[in-house]
Q: 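Take this structure, written in structure tokens, and hold onto it; I'll ask about it next.
As the structure is a computational prediction, the values presented were derived from the model and not from experiment. The figures here come from the full heavy-atom set of this structure, side chains too, leaving out hydrogens, waters and symmetry mates.
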4 protein chains.
Amino acid sequence: MSTQNLHVAVVGAGLMGADHVQRLARRTAGATVSAVVDIDQERAQAAADMASPARTFSSVEDLIKAGAAEAVVLATPGFLHEEALLQLIDAGIPVMCEKPLTPGPESSLRVVEAEVAAGQRLVQVGFMRRFDAGYRQLKNIIDAGTYGELLMLHHQHRNASVPETFTNEMVIHDSVVHEFDAVRFFSGEEISNVAVRTGRHTSKGTELVRDPQLVTIQTSSGLLATVEIFVNAKLGYQVLTQAVFEEGVVKIGESAGPTVIAESRTGSAIDQTYHTRFVEAYDEEIQQWVNSVATGVPVGPSAWDGYATAAVCGAGVSAQQSGEITSVDMAHKPALYA
Amino acid sequence: MSTQNLHVAVVGAGLMGADHVQRLARRTAGATVSAVVDIDQERAQAAADMASPARTFSSVEDLIKAGAAEAVVLATPGFLHEEALLQLIDAGIPVMCEKPLTPGPESSLRVVEAEVAAGQRLVQVGFMRRFDAGYRQLKNIIDAGTYGELLMLHHQHRNASVPETFTNEMVIHDSVVHEFDAVRFFSGEEISNVAVRTGRHTSKGTELVRDPQLVTIQTSSGLLATVEIFVNAKLGYQVLTQAVFEEGVVKIGESAGPTVIAESRTGSAIDQTYHTRFVEAYDEEIQQWVNSVATGVPVGPSAWDGYATAAVCGAGVSAQQSGEITSVDMAHKPALYA
Amino acid sequence: MSTQNLHVAVVGAGLMGADHVQRLARRTAGATVSAVVDIDQERAQAAADMASPARTFSSVEDLIKAGAAEAVVLATPGFLHEEALLQLIDAGIPVMCEKPLTPGPESSLRVVEAEVAAGQRLVQVGFMRRFDAGYRQLKNIIDAGTYGELLMLHHQHRNASVPETFTNEMVIHDSVVHEFDAVRFFSGEEISNVAVRTGRHTSKGTELVRDPQLVTIQTSSGLLATVEIFVNAKLGYQVLTQAVFEEGVVKIGESAGPTVIAESRTGSAIDQTYHTRFVEAYDEEIQQWVNSVATGVPVGPSAWDGYATAAVCGAGVSAQQSGEITSVDMAHKPALYA
Amino acid sequence: MSTQNLHVAVVGAGLMGADHVQRLARRTAGATVSAVVDIDQERAQAAADMASPARTFSSVEDLIKAGAAEAVVLATPGFLHEEALLQLIDAGIPVMCEKPLTPGPESSLRVVEAEVAAGQRLVQVGFMRRFDAGYRQLKNIIDAGTYGELLMLHHQHRNASVPETFTNEMVIHDSVVHEFDAVRFFSGEEISNVAVRTGRHTSKGTELVRDPQLVTIQTSSGLLATVEIFVNAKLGYQVLTQAVFEEGVVKIGESAGPTVIAESRTGSAIDQTYHTRFVEAYDEEIQQWVNSVATGVPVGPSAWDGYATAAVCGAGVSAQQSGEITSVDMAHKPALYA
């Protein structure tokens with residue numbers, strides 16, 4: 001592999017976009033931020049200044065016309081993704097698209113179809129957990145069959161708190177979506193059905209959310225997975241997975257920081273947000289994506305992964321309302337994603 | 001409390017009965033083994049010899065007639081419990097009855113009714129986990145409200161293996177029965193419904209069991225509890241509980257033995273059977289029972305607890321067959337157990 | 001083994017003595033408290049009342065004359081031990097003597113000589129850590145040679161705090177004495193030399209103690225052991241041991257309680273005093289002693305162990321003053337303790 | 001900070017040098033490998049090919065003359081460091097020098113003096129542990145005074161094994177040198193004296209090493225630190241630190257990988273070599289150095305740190321031979337390193 005210098009444009013200069021500008025400029029080998037795109041030119045310039053001499057544009061269209069990017073990180077709000085993705089796919093430009101691919105299964109399927117029509121994989125979706133060291137280690141153990149076949153998965157997904165505006169639907173679309181992708185990632189299978197149950201709920205939570213919830217997921221071969229989703233758990237940000245095999249159990253997600261023995265307790269600090277918990281995963285995601293653009297071999301979650309999780313989220317919201325085991329309706333998987 | 005010397009007869013001189021003879025003779029303060037009852041007199045004598053000068057009898061009837069016991073530990077097979085319990089209740093003799101109280105809810109209810117008719121609590125049932133240090137610590141934390149209200153419970157219950165004769169029904173009646181009682185113990189509520197799901201199963205298991213299974217339990221106030229029951233898990237015997245509160249999570253059941261750093265791994269040994277995992281719980285159960293007979297204040301699980309779990313087991317077996325959420329049908333709780 | 005009922009007198013009805021009365025009455029199989037001895041008859045009676053119908057005496061002499069004890073637990077202050085021990089040895093009565101055996105090596109050696117003259121082992125010394133589950137497990141691992149030969153031992157011994165009256169000498173005599181016995185117990189060897197170093201010390205400590213201190217111990221075959229002794233460590237009561245073998249390392253002493261995930265930390269509570277940390281060890285110590293009196297086979301630390309640690313403590317105090325590696329001067333070990 | 005592209009030459013194309021070429025080319029932002037220097041031109045070319053279009057040179061002199069590097073990573077054997085460092089300092093070129101700075105305190109002092117004469121900090125020394133996440137977290141805790149003043153440090157440093165050629169002196173110079181630097185790093189003080197004791201030794205070790213050894217270190221203010229160094233410990237590669245404060249204890253270095261419950265044990269894998277244990281520290285070391293060259297603000301261990309540890313190593317080898325507490329003889333620290 002030779003030293004490269006990929007010219008990357010960051011589209012969307014909000015918090016996440018600005019974070020990607022810094023990541024590309026300061027912690028990613030083989031990439032330069034060549035442009036920042038935002039309809040708010042002041043914001044675009046502020047982000048570009050972190051990585052001068054980057055140019056600024058106010059639209060993806062202008063960016064493409066100017067030929068100012070070999071690849072794009074898409075960090076706009078989700079409802080703007082479809083239009084940008086279709087333009088970038090049309091222009092043959094690789095794009096690392098923050099999740100969600102698009103807000104729903106129909107629009108996501110259109111992106112998949114555009115990519116299939118283009119005949120090549122250009123889109124990586126930002127399910128960054130796949131790049132977390134623990135996730136990769138567990139995936140390796142599953143694929144190696146070290147402890148026999150994978151039989152069951154238990155997840156806990158806890159946030160310290162969410163804003164008052166967070167809704168029950170967002171519990172599925174913004175939070176459990178990660179476990180939907182995780183179960184697909186670990187099992188290598190599509191999800192067949194989903195169930196959501198609620199019971200006692202916290203008095204310390206937010207108005208719009210019934211909290212915690214118990215989600216049960218089943219894949220095409222029957223693999224069962226549970227998710228405790230608790231978005232106002234107070235204690236911090238915890239993402240735990242316990243994988244049950246025929247001849248062993250593997251757990252990931254425990255705090256890896258120093259052990260502190262003080263104030264009558266021995267223990268470790270818990271991350272408070274995904275920023276600290278998954279900071280290395282974000283870096284690794286972008287580094288592997290930059291490397292994959294250079295080699296032309298896609299490595300991360302595909303547009304299909306974006307579509308499939310959107311389809312599961314749809315079933316999840318229905319399940320949340322009915323309390324029943326709900327089948328997932330999914331399109332046929334194109335050969336491009338085989 | 002004055003020093004006492006309770007004369008205890010052990011009924012049933014099989015493995016469990018002989019174990020109780022030794023426990024009473026060597027590790028329990030305030031008790032003497034006064035008699036051993038078994039239809040097989042040779043076996044009765046062998047057990048009695050571990051605690052001479054104990055007498056032997058071939059039936060509970062003879063034991064009662066001889067006035068040779070102030071209290072009884074009942075360790076015969078479950079199908080013999082009802083008759084013995086009714087005789088002992090009739091004679092006003094306190095009895096520590098190994099689980100199950102009786103094999104089914106109808107017969108268990110008859111024992112409850114006999115006790116209610118007698119007007120006093122005479123029966124303690126052998127749900128020994130309630131005497132485990134971890135269980136008691138968690139129960140104290142729940143009752144103290146240290147971390148707010150209890151919201152969800154996650155259990156893992158793993159055996160290294162079971163005999164080939166172990167059936168799917170026994171998964172519920174012999175294994176999950178402990179979690180049924182645990183959920184009742186922790187929540188202080190009766191169980192309203194049960195669901196059982198299966199999916200991928202181990203190729204290393206036994207013929208008659210679909211293994212592992214995922215059990216979901218809900219109490220009268222809505223508390224949700226999950227149980228992974230995996231009876232051929234190979235790795236050893238593990239009983240883990242994770243209690244989710246409004247402002248914290250508490251886990252019990254991790255190995256408490258030495259940490260060993262060797263052969264490229266750092267870790268601890270796992271108990272291989274309930275004998276080693278719950279050895280202190282069995283001792284504590286009997287010691288507290290002996291003390292409670294002296295004081296006349298019952299401390300452990302009651303005949304009602306035996307009945308109620310039998311009723312839940314009935315629903316559990318139905319749920320296992322239907323795959324659906326199954327309501328539990330339960331009699332009215334007599335004031336004696338308030 | 002037949003059921004026994006050993007008549008035990010408790011000599012000394014202070015806190016520790018009263019604790020032993022309750023232990024014998026309520027948690028020890030095969031023993032009855034037959035008498036309580038204390039010069040303060042009111043105190044004796046109060047303790048006896050916890051185990052009626054126990055008699056009371058005001059001296060060991062009277063106790064012996066009355067023939068009111070088959071065995072004795074000696075729980076008076078240490079400076080009264082020698083006289084009582086010599087009387088009891090003379091009367092052939094087994095005694096479980098709280099540590100120290102006596103306050104110094106000379107007086108301890110006189111007890112050893114009396115026992116040797118009596119021709120039988122009658123004295124067990126209260127080094128209760130030898131009965132702690134972790135200590136026994138580590139001892140078994142050492143003796144089994146599971147990880148090869150034992151090469152080094154690291155100890156941490158931390159108290160939350162000590163009274164203002166606690167002196168530098170007491171750091172050795174009351175605290176490190178336990179590690180002196182532990183190193184002898186684990187290695188099966190006598191201690192040859194001791195060194196004590198101090199450096200930075202806590203500003204949160206007590207006036208008379210230089211805290212923490214670093215003690216280095218070497219046994220006759222060269223085994224090195226370190227002890228961090230920190231008697232005003234604030235965090236709680238911790239007794240940790242790390243044993244380094246040729247092919248592995250074993251650690252004991254970590255908290256075995258529930259794991260709590262709350263307030264941004266995951267962890268476990270630390271015991272605050274030896275009462276909770278070693279409560280099972282005290283029970284086990286007395287139970288094994290009662291059983292050993294019945295069988296006539298001594299199991300615990302002997303009068304020789306009491307003498308030998310007293311000799312090491314003497315060297316330890318010298319080492320504390322000189323800062324140099326200090327040899328331990330010890331008498332020849334009588335065949336009785338082989 | 002603007003996007004930079006520092007032209008870095010790697011001097012020495014052996015295993016470590018080639019590793020640095022790959023790190024700079026693939027995992028370091030803001031740097032390009034502009035040249036590889038090795039007397040063996042074939043080896044230089046092989047390394048350069050991993051980062052084309054890098055040039056090759058056979059000497060540092062030629063490299064400097066050609067103006068082909070803005071900064072240098074020096075990865076030749078230690079005995080070649082002095083000459084290269086003096087040339088690079090003379091040319092005003094920043095250099096990241098793998099440890100040791102030079103093989104002994106006299107030659108190291110000459111490098112310090114050259115740098116002082118040059119009037120600017122140009123040399124960073126490769127004590128990569130300072131960039132380990134755990135080390136940085138502990139350093140932050142110490143500096144913040146979170147748990148009061150640091151009072152004592154305990155280290156365990158274990159290798160699975162060393163080559164037969166590894167000598168007792170190398171135990172100090174190649175292994176304990178890391179703890180010497182760590183104690184200086186954590187305390188911010190120079191080391192005043194060192195002691196080394198040996199006792200029982202492993203029968204599974206190598207011929208030339210007395211293994212394990214117990215090293216005691218004391219800093220200028222009296223801080224005591226212990227090191228168990230065990231270079232044939234079989235179990236893997238472990239670097240553990242326990243820092244004792246006035247009001248708490250902090251431990252770093254425990255395995256952060258998945259918890260595996262299998263084969264009757266629950267636990268985690270241990271790293272087998274420093275390659276896996278400190279891989280992120282090496283990356284972080286180089287990334288921070290590249291960034292520091294751009295900003296002109298030195299961040300890592302200095303030439304003085306290289307000299308000071310060399311002086312302590314000298315005392316350590318003497319202490320190993322004498323068994324006594326040995327003072328460290330050190331030059332006056334120039335203002336440049338204040």
Q: Highest number of heavy-atom pairs under 4.5 Å with chain A: which of C:Glu263, C:Gln238, C:Arg265?
A: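 It is C:Arg265.
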Q: Quick check for you: among C:Ser268, C:Ala269, C:Gly236, C:Gly267, which has the greatest number of heavy-atom pairs under 4.5 Å with chain A?
A: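 The candidate making the most pairs under 4.5 Å is C:Ser268.
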Q: Is C:Ala262 in contact with chain A via its backbone, its side chain, both, or neither, using a 4.5 Å heavy-atom distance?
A: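 For C:Ala262, the backbone is the part near chain A, not the side chain.
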Q: If we define contacts as heavy-atom pairs under 4.5 Å, which of A:Lys234, A:Gln272, A:Glu254 has the most with chain C?
A: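 Highest number of pairs under 4.5 Å: A:Gln272.
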Q: How far apart are the closest heavy atoms of A:Arg158 and C:Ile261, and which atoms are they?
A: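 Minimum heavy-atom contact is NH1-CD1, 4.4 Å.
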